[in-house]
Q: 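The structure is given below, and queries will be raised subsequently.
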Amino acid sequence: MTRSAWTAIAGLLAASALLAGCSGGGGKEVEAASLEARAEALAQEAILIDTHIDVPYRLRRGSEDLSMRTPTGHFDGPRAREGGLDAAFMAIYVPSEYEESGGAKGFADQLIDRVEGIAARWPDLFVVARSPDDLLRAKADGRIALPMGIENGAAIESDLGNLRHFHGRGVRYLTLTHGTDNLIGDSSYSEASTRRWGGLSPFGRRVVEEMNRLGIMVDISHVSDAAFDAVLEVSRAPVIASHSSCRRFTPGFERNLDDDRIRRLAEGGGVIQINFGSMFLTEAANRQSVASWRETEAWMKERGLDWDSPETRERREALRASDPPVPTSVSDVADHIDHVVRIAGIDHVGIGSDFDGVSSLPVGLEDVSGYPNLVAELLRRGYSEPDVRKVLGENLLRVWREVERVAAEGP
Ligand SMILES: [Zn+2]
């Protein structure tokens, strides 16, 4: 054998050693590159479900061409494809004020029309999904599934029959409350001392039973601790937290779940879908957001303005400029996933980004193109590919099927 042939063989052996990750130095780069590539491939191939994206509400300001990369917002077709997103639960978000002013149901219907409009306008890109099977078919066809969840039970007003109406329109989860207490139960955001029900109302209990009967997932994101406890007492099916993180990292923030409740959610077979919003991730980001939000709320009240008014938006932008958001990272999101895995197991955690619903996001997870960065971080932490698949979507799919099964079986 010639000297150059030996050199070539030695080179190949060294390269394969690097790829196998058993060399230091330059090996780290090769290793990193192959890990990124694995993450990219896994995000594309796995079933990737995000249970909370606020596109319908975002579009209230005017329609946008979602088949193109949009200049603002966290979601559009091209970026969703880049990120490997297969199913984006469209949040049918009904602001709490509708419970007082009336028109909550009508507003929810309008947002559902909007989601149907997206699928009708770009049928090669998007399709409304009403079941796990629909979702898998969409993936097989190369389309992005748009299942729907209503955020705020105020949408059903005081009529259980409206649950059937929304189920008929394709709604597959209902977030029982939002920013204030409603007819169903108490909100984690309302003042604890003046809460209306001390958990769920008698009507709220019947709502949960009817959701079990119809096959609508019960979403406990936004409810108070006492309402959470009542839901677990009543529900015959596993429940979800569509966009909540772990309170362990944001002490005192009831909107995130404490360890005991994460464990009980898991014992019932449910899943917590981690919210990517910075305020949900770290104590520093949470304190800053909560303080600026309280301050803005008081400022609006004095002037009779709401969150959507141009004056409020201007003020929030000025606040952001003078006090920039505390940065967070992909690693912070992975810490929440790790924590759930540690206390409740790998079968009970998923992702519910809150894209288009939050203003500050981790570096590397600024929009729907960023999921592969999270996958890379999980692989780096030693998660196996089957475990990453569970987090990305299989856990949620299991819960959804179970909710369907409980409905089909009846009480
Ligand atoms: Zn929310």
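Just so we're clear, the structure is a prediction, and the values are computed from it rather than from any experiment. Start at 1 and go down the list; that is how both ligands and their atoms are numbered. We use all heavy atoms of the structure for the numbers below, so side chains are in, but hydrogens, waters and symmetry mates are not.
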Q: Tyr98 vs Phe107 aromatic rings, parallel, tilted or perpendicular, using cut-offs 30° and 60°?
A: parallel
Q: Counting backbone and side-chain atoms alike, is an N, O or S atom of Asp54 positioned under 2.8 Å from the Zn ion (ligand 1)?
A: no
Q: Could you tell me whether the side chains of Arg79 and Thr70 share a donor-acceptor contact shorter than 3.5 Å?
A: yes
Q: Checking only N/O/S atoms, does His52 have one that is under 2.8 Å from the Zn ion (ligand 1)?
A: no
Q: With the Zn ion (ligand 1) as the reference point, give the N/O/S atom of Glu151 that is nearest.
A: OE2
Q: Apply the ring-ring contact (aromatic ring centres under 6.0 Å, His included) test between Phe89 and each candidate in Phe75, Tyr173, Phe355; give the one that qualifies.
A: Tyr173
Q: Counting backbone and side chain alike, does His178 bring an N/O/S atom below 2.8 Å of the Zn ion (ligand 1)?
A: no
Q: Evaluate side-chain contact (heavy atoms from CB on, under 4.5 Å) for Ile351 paired with Thr51, printing each intermediate quantity in order.
A: CA-CA 7 Å; Ile351 52 182; Thr51 44; over 6 Å; no
